[in-house]
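See structure below.
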Amino acid sequence: MYGTIALKLIIGLIALLIVIRILGKKELAQITPFDFIYALVLGGFLEEAIFDEKVSIGHLTFSIALWAILIYGIEVLVMKFDKLRPLLKGEPITIIEDGKLDLKALKKAKLEMEQLRTMLRQQGIFSIKEVSYAILEPSGHLSIMPEPFAAPVTAEMLDLNPKKSTPSIMLIDEGREVESGLRLLGKDQNWLRDLLQKHGESKISDIFYAEWSSQYGFLFKKFN
C-alpha cells in the first residue's frame, strides 16, 4: 500500500508540473479566480487519489490529463475570442477615474468602501484625494495611478540624466562558479580567477557570492 501511495504521489506531482508548464507561467498576483479554481481541482484530484485504493494510477493520470486538456482548450478559446474573456477571466473595473470615485463600479466589483481604503493603504495611499485612477484587475489586485502632487519625484522632473542601469549577472554562488553567468559575459573561469586576484582573493571556493554589472562593476562577499 505504501508503495502505491508513493507511486501515485510521484506520478501526480510529475503530471501537475507538466500541466503547469503547458498552461504557462503566472505570478500569484496575476492568478484570476478561474485559474485558482482549476489549480484547486487539480490538487483535489491528487489528494483524493493518494489514499483511495479504488482510484488506480491510470484513473489519476487520466483525470489530470483530461482536466488539463479542458483547461487548455478554454485558454485557447479565450485567446481567439475576446468576447469570452470577460465571462471566463473577468475584466478590469475602473473604480476611480480622473480623481472621482465611481459608486456603480464599486458596487459592480462588490467592494465595500473600507475594503477599497484598505487596498489603497497597502500601497501607501491614505486618502482618495491622492488617487487619479484606480483599476481593479481580474486578479483582484488594485492598480493605481497617483495624482501628480502625490507621485514620487522622478529624474525627469528634476531634469536629471541618470545612467542606464542593467541587471547584474551572478558569477559565484556559494563557492561555485556560475557557468551561465560567465557565458552571458562571454568570459571563462580564467577571467574570473584573474578578477578575484585583482581584489586580493585566490580561491573561488572562499567566495560566498559574486556578481558583475556594468553600473557597479565586480561585487563579492566572502563566507566569513
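Separating the CD1 atom in Ile135 from the CD1 atom in Ile93 is a distance of 11.0 Å, to the nearest 0.5 Å.
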Please assess Arg117 against Glu114 for the test salt bridge (Lys or Arg N to Asp or Glu O under 4.0 Å), listing each intermediate value before the final yes or no. CA-CA 5 Å; Arg117 285 167 52 82; Glu114 187 53 39; 3.3 Å; yes
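Applying the salt bridge (Lys or Arg N to Asp or Glu O under 4.0 Å) test to every pair with at least one member in residues 126-139, sequence neighbours left out, gives no pairs at all. Evaluation of the salt bridge (Lys or Arg N to Asp or Glu O under 4.0 Å) test over residues 209-224, restricted to residues two or more places apart or in two chains, returns Glu201-Lys222.
Judged by distance alone, the side chain of Ser213 and the main-chain N or O of Tyr216 form a donor-acceptor pair under 3.5 Å. Judged by distance alone, with hydrogens and angles left aside, the side-chain atoms of Asp102 form a donor-acceptor pair with the main-chain N or O of Ala105 at under 3.5 Å. Side-chain atoms of Gln115 come within 3.5 Å of backbone N or O of Glu112 as a donor-acceptor pair. At distances below 3.5 Å, not a single donor-acceptor pair connects side-chain atoms of Glu179 with backbone N or O atoms of Leu171.
No side-chain heavy atom of Lys80 sits under 4.5 Å from any side-chain heavy atom of Leu77.
Residues Gln189 and Leu182 approach most closely at N-CD1, 4.1 Å, considering heavy atoms. Between Ala210 and Phe220 the shortest heavy-atom distance is CB-CB, 3.8 Å.
Using modelled atom types, one finds a donor on one side chain and an acceptor on the other under 3.5 Å when comparing Thr118 with Arg121.
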